[in-house]
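Below is one structure, written out as structure tokens; comments come after it.
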Amino acid sequence: MSYCACIGELQCTRKIAMKENSDCLKQTRNIGIIAHIDAGKTTTTERLLFYTGKTYKIGAVDEGTAVMDWMEQEQERGITITSATTTCSWKNHTINVIDTPGHVDFTAEVERSLKVLDGGVVVFCAVGGVEPQSETVWRQADRHNVPRVAYINKMDRTGANFFDTVLQIHDKLGAFASPIQLPVGSEGNFNAIIDLIKMKAYIYETEGGEFVEAPIPKDLVASANEWRHKLIEKLAEVNDNVMDKFVHDRELTVDDLKQAVREATIKHRFVPILCGASFRNKGVEMVLDAICDYLPSPLDIPPIKGINPDTKAEEVRKTSDKEPFCGLAFKLMTDPYVGKLIFFRVYSGVLKSGEYIYNSSKDKTERIGKIVKMHANKQEIVESVSAGDIAACVGLKTTKTGDTICDEDHPVILEGMHFPEPVVSLAIEPKAAADQDKLGEALHKLEDEDPTFTVKYNHETGQTTVNGMGELHLEIIVDRLMREFKVDANVGRPEVAYKETITKSVPFVVGKFIQQTGGRGQYGHVVFQMGPGERGKGVQFTSKIIGGAIPREYIPAVKAGVIEAAKSGVLVGYPVVDIEVLLIDGSFHEVDSSEIAFRMAASIAFKDGFRQAHPILLEPIMDVEVSTPEEYLGEVVGDLNSRRASIQALTQRGKLKIIRAFVPLSEVFGYATAIRSLTQGRAAYTMEPSFYQEVPKNIFEKITAKMQK
């Protein structure tokens with residue numbers, strides 16, 4: 001027995017350990033830095049690491065010395081390509097940080113990071129405000145129920161407008177938000193931050209980031225009181241204690257307001273807004289304070305839920321070391337020295353190196369080689385990890401992104417991850433025939449790493465195509481092939497990843513595969529109903545067989561035949577999407593029926609039904625936003641119209657005109673060069689996939705002619 005000072009009573013060693021771990025979890029934050037491209041995510045993260053003592057020197061993105069941008073491609077381009085994980089400490093809190101990419105081509109990195117995070121810091125540019133990609137990452141955070149704080153960065157830049165950005169956060173994102181800080185000055189005059197909760201000013205006297213706490217300047221007291229009143233009014237709507245004191249005109253203490261902001265933020269009912277200039281080292285320490293004060297610990301989020309693979313009943317795993325081990329693999333990375341690194345979040349229990357785990361998604365048991373905590377691309381070996389931790393491990397062969405790993409005696413499958421379909425493809429082949437196997441192996445490893453990168457081999461033409469989220473995505477893939485995997489390859493021009501679908505229902509389509517070769521024959525017979533499916537749902541197969549017209553053991557083979565046939569449509573050979581297939585009837589032969597026969601019959605029926613159902617070709621449509629000086633507005637709009645654009649909105653942002661349009665992807669290859677030429681390099685644009693729509697008849701004829709040629 002021993003005495004535990006923190007709870008003031010005699011405790012056994014086990015109880016003390018449990019108490020200490022609970023306290024430790026309360027002081028843990030798993031957060032992500034998310035934003036649109038060039039908002040200053042990595043610059044902010046570098047400052048977080050410096051001020052927490054994790055690094056002794058501030059890395060610079062523009063110089064290629066940022067710790068979190070460790071890939072050669074990131075350092076050369078000055079952008080984040082892959083999410084990087086690290087751990088730092090601030091005021092007795094442990095903060096696990098994931099720095100995510102901002103470019104839309106790498107949105108999968110944001111998606112899988114948000115899946116396992118408890119909170120987020122959303123960075124906005126005070127000049128650009130809420131960009132299209134800001135809306136995308138905000139929606140991703142909404143989808144994963146991630147509490148967040150907003151940080152308006154770059155207050156030192158020309159054109160910075162804090163209050164306009166706050167307004168955009170309300171209007172464009174629909175956020176119930178309010179500033180808890182106000183900037184003093186902007187652009188070159190940004191030199192202080194007012195804390196609306198403490199009603200203090202933090203004045204920066206040098207560029208080094210040192211500040212002094214002082215009373216609010218007299219000329220800003222009225223403005224500070226006005227914004228504090230607005231903050232209290234908003235908090236009163238979501239917090240009973242604040243409402244009670246506000247209505248009865250009783251004093252609200254700093255602790256009252258902090259507690260109210262924290263509770264409302266964790267419940268997704270409020271977003272506190274901060275400000276700063278990370279590059280000038282202003283406001284970063286307040287961001288660290290906000291992470292600790294307002295974002296949730298692993299104990300503040302609801303217990304994770306999953307499905308028992310054996311009983312199909314719902315299972316709940318509490319954030320506790322006493323629970324059976326359960327974790328989610330959210331990222332895979334190939335390390336040149338140790339092989340496959342699997343990043344995972346521990347939701348419950350404890351995992352030790354050398355132990356066996358059960359991959360419930362794959363129904364496989366595997367052994368953990370070693371467990372490491374990551375600092376960008378550097379590894380720190382640890383003996384074990386427990387509930388609330390984010391770590392990586394070596395030794396898992398079959399585990400992929402989205403798989404659940406757990407205790408074999410207490411199996412559970414957590415909800416997986418969903419990623420967007422690739423929209424751009426290009427042909428690739430090795431320069432030397434001897435490199436064919438080497439290329440295939442490298443592409444397989446890259447496909448394992450990245451769920452939005454796929455590889456397809458056309459057996460008829462012998463051509464290999466790779467598919468990704470955009471030109472930059474595939475450019476990085478090809479660059480990695482040559483540098484990391486030492487594969488020289490010939491690469492074709494980027495092509496659009498079209499899809500095929502149907503517009504009409506077919507109530508009755510028959511597929512028969514009968515083959516008699518003297519010995520045992522082959523017999524498969526299926527009857528389908530086919531019709532258009534819900535957009536974005538892919539190919540949906542349902543069996544309506546009643547009474548054993550087809551034995552149950554052959555139904556999976558029928559489904560496999562449908563899925564295989566859907567990989568190549570009948571129009572131009574592109575994958576089929578958004579279609580429903582119902583198996584309604586069929587027959588079998590006691591001797592001659594087999595799985596292969598039913599797969600072939602299903603494929604025949606699918607192709608035949610697809611031809612009858614008025615098939616059409618779909619093309620990806622991009623959501624494009626162009627910001628241009630007004631004098632170039634006519635040229636930019638005219639150019640967009642020539643690219644089959646549908647102009648959605650024309651607005652003003654500062655001195656710039658903002659054009660929002662939907663444009664077919666096939667029309668915007670190489671748009672960066674065109675927009676620079678039109679505007680003498682003064683315009684900028686962002687672009688992300690939005691939806692698929694039918695290809696116009698004249699364009700379809702051109703595509704068909706090209707494919708036939």
Side-chain angles (χ1 to χ4, degrees), residues 17 20-21 24-25 28 30 49 54-55 67-68 70-71 82-89 94-99 109 112-113 115-117 298 317 319-321 323-412 414 441-442 444-446 448-450 484-485:
E20 287 174 349
N21 186 59
C24 182
L25 279 173
T28 298
N30 293 318
L49 298 182
K54 186 70 177 182
T55 58
V67 173
M68 301 301 272
W70 56 270
M71 291 176 66
T82 183
S83 54
T85 307
T86 190
T87 303
C88 55
S89 300
T94 298
I95 305 174
N96 295 315
V97 183
I98 298 182
D99 178 35
E109 292 288 329
R112 58 182 170 191
S113 298
K115 178 74 175 176
V116 298
L117 291 172
R317 293 286 186 270
T319 306
S320 168
D321 291 357
E323 293 273 304
F325 169 72
C326 167
L328 183 72
F330 68 93
K331 179 179 168 74
L332 187 153
M333 187 175 84
T334 302
D335 186 282
Y337 302 106
V338 300
K340 225 188 257 186
L341 269 174
I342 307 292
F343 290 72
F344 63 99
R345 161 74 189 263
V346 183
Y347 285 104
S348 64
V350 177
L351 179 66
K352 298 178 181 178
S353 59
E355 287 187 337
Y356 284 89
I357 59 99
Y358 176 59
N359 182 332
S360 54
S361 303
K362 297 280 197 313
D363 192 22
K364 298 281 186 182
T365 301
E366 298 189 274
R367 183 177 178 274
I368 297 285
K370 68 174 180 178
I371 302 172
V372 296
K373 287 290 186 79
M374 299 297 295
H375 178 48
N377 62 331
K378 296 181 174 60
Q379 303 169 16
E380 174 195 343
I381 298 176
V382 295
E383 288 302 313
S384 65
V385 285
S386 55
D389 281 338
I390 292 176
C393 64
V394 179
L396 304 184
K397 304 298 183 186
T398 62
T399 301
K400 301 285 179 66
T401 298
D403 286 356
T404 303
I405 53 177
C406 59
D407 182 340
E408 190 168 10
D409 294 332
H410 302 85
V412 64
L414 305 179
E441 184 181 339
H444 179 67
K445 287 181 179 178
L446 291 170
D448 277 350
E449 281 187 27
D450 187 347
E484 288 180 36
F485 299 97

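Residue numbers start at 1 and run along the sequence shown. It should be emphasised that the depicted structure is a prediction, and the values quoted were computed from it without experimental measurement.
Nearest heavy atom pair, residue H375 against residue L49, reads CE1-CD1, 3.9 Å. Closest non-hydrogen pair, G402 versus L328, comes out as O-CD1, 3.6 Å. Taking all atoms of both residues into account, the shortest heavy-atom contact from F343 to M374 is CE2-CG, 3.5 Å.
Considering only residues two or more places apart in sequence or on other chains, K54 meets the salt bridge (charged side-chain N to carboxylate O under 4.0 Å, His left out) condition with none of them. Taking D450 as the reference, nothing meets the salt bridge (charged side-chain N to carboxylate O under 4.0 Å, His left out) condition, with sequence neighbours excluded. In this structure T398 satisfies the side-chain hydrogen bond (donor to acceptor under 3.5 Å, both in side chains) test together with E366, sequence neighbours excluded. Every side-chain hydrogen bond (donor to acceptor under 3.5 Å, both in side chains) that R345 has, sequence neighbours left out, goes to D118. Partners of D448 under the side chain to side chain contact (heavy atoms under 4.5 Å, CB included) rule, at least two apart in sequence or in another chain, are L332, K340, K400, H444. In this structure K364 satisfies the salt bridge (charged side-chain N to carboxylate O under 4.0 Å, His left out) test with no other residue, sequence neighbours excluded.
Taken to the nearest 0.5 Å, the OG atom of S353 stands 5.5 Å off from the CD1 atom of I371. Atom CG of residue N96 and atom NZ of residue K373 lie 6.0 Å apart, to the nearest 0.5 angstrom. Between atom CZ of residue R317 and atom CD of residue E323 there is a gap of 6.5 Å, rounded to the nearest 0.5 Å. Taking OG1 of T86 as the reference point, atom CD1 of I390 lies at 11.5 Å (rounded to 0.5 Å). Note that CG of L351 and CD1 of I368 are 5.0 Å apart. Values are rounded to the nearest 0.5 Å. Annotation: the span from F325 atom CZ to I405 atom CD1 amounts to 4.0 Å, rounded to 0.5 Å.
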Stepwise side-chain contact (heavy atoms from CB on, under 4.5 Å) check, D363 with Y358: CA-CA 7 Å; D363 192 22; Y358 176 59; 2.6 Å; yes

side-chain contact (heavy atoms from CB on, under 4.5 Å) for L396 and I357? Distances and angles first, verdict last. CA-CA 9 Å; L396 304 184; I357 59 99; 4.0 Å; yes

Apply side-chain contact (heavy atoms from CB on, under 4.5 Å) to residues F344 and V385 and explain how you reach the verdict. CA-CA 10 Å; F344 63 99; V385 285; 3.9 Å; yes

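Using a 4.5 Å heavy-atom cutoff, the side chains of L414 and Y347 are in contact. Side-chain contact between V394 and L341: present, with at least one pair of heavy atoms (C-beta onward) separated by less than 4.5 Å.
Judged by distance alone, the side chain of T404 and the main-chain N or O of S361 form no donor-acceptor pair under 3.5 Å. At distances below 3.5 Å, at least one donor-acceptor pair connects side-chain atoms of N30 with backbone N or O atoms of G388. Between the E449 side chain and the T334 main chain, a donor and an acceptor come within less than 3.5 Å of each other. The main-chain N or O of A387 is never found under 3.5 Å from a side-chain atom of S348 such that the two would form a donor-acceptor pair.
Heavy-atom neighbours of K362 NZ from other residues, nucleotides or ligands within 6.0 Å: above the threshold of 12.
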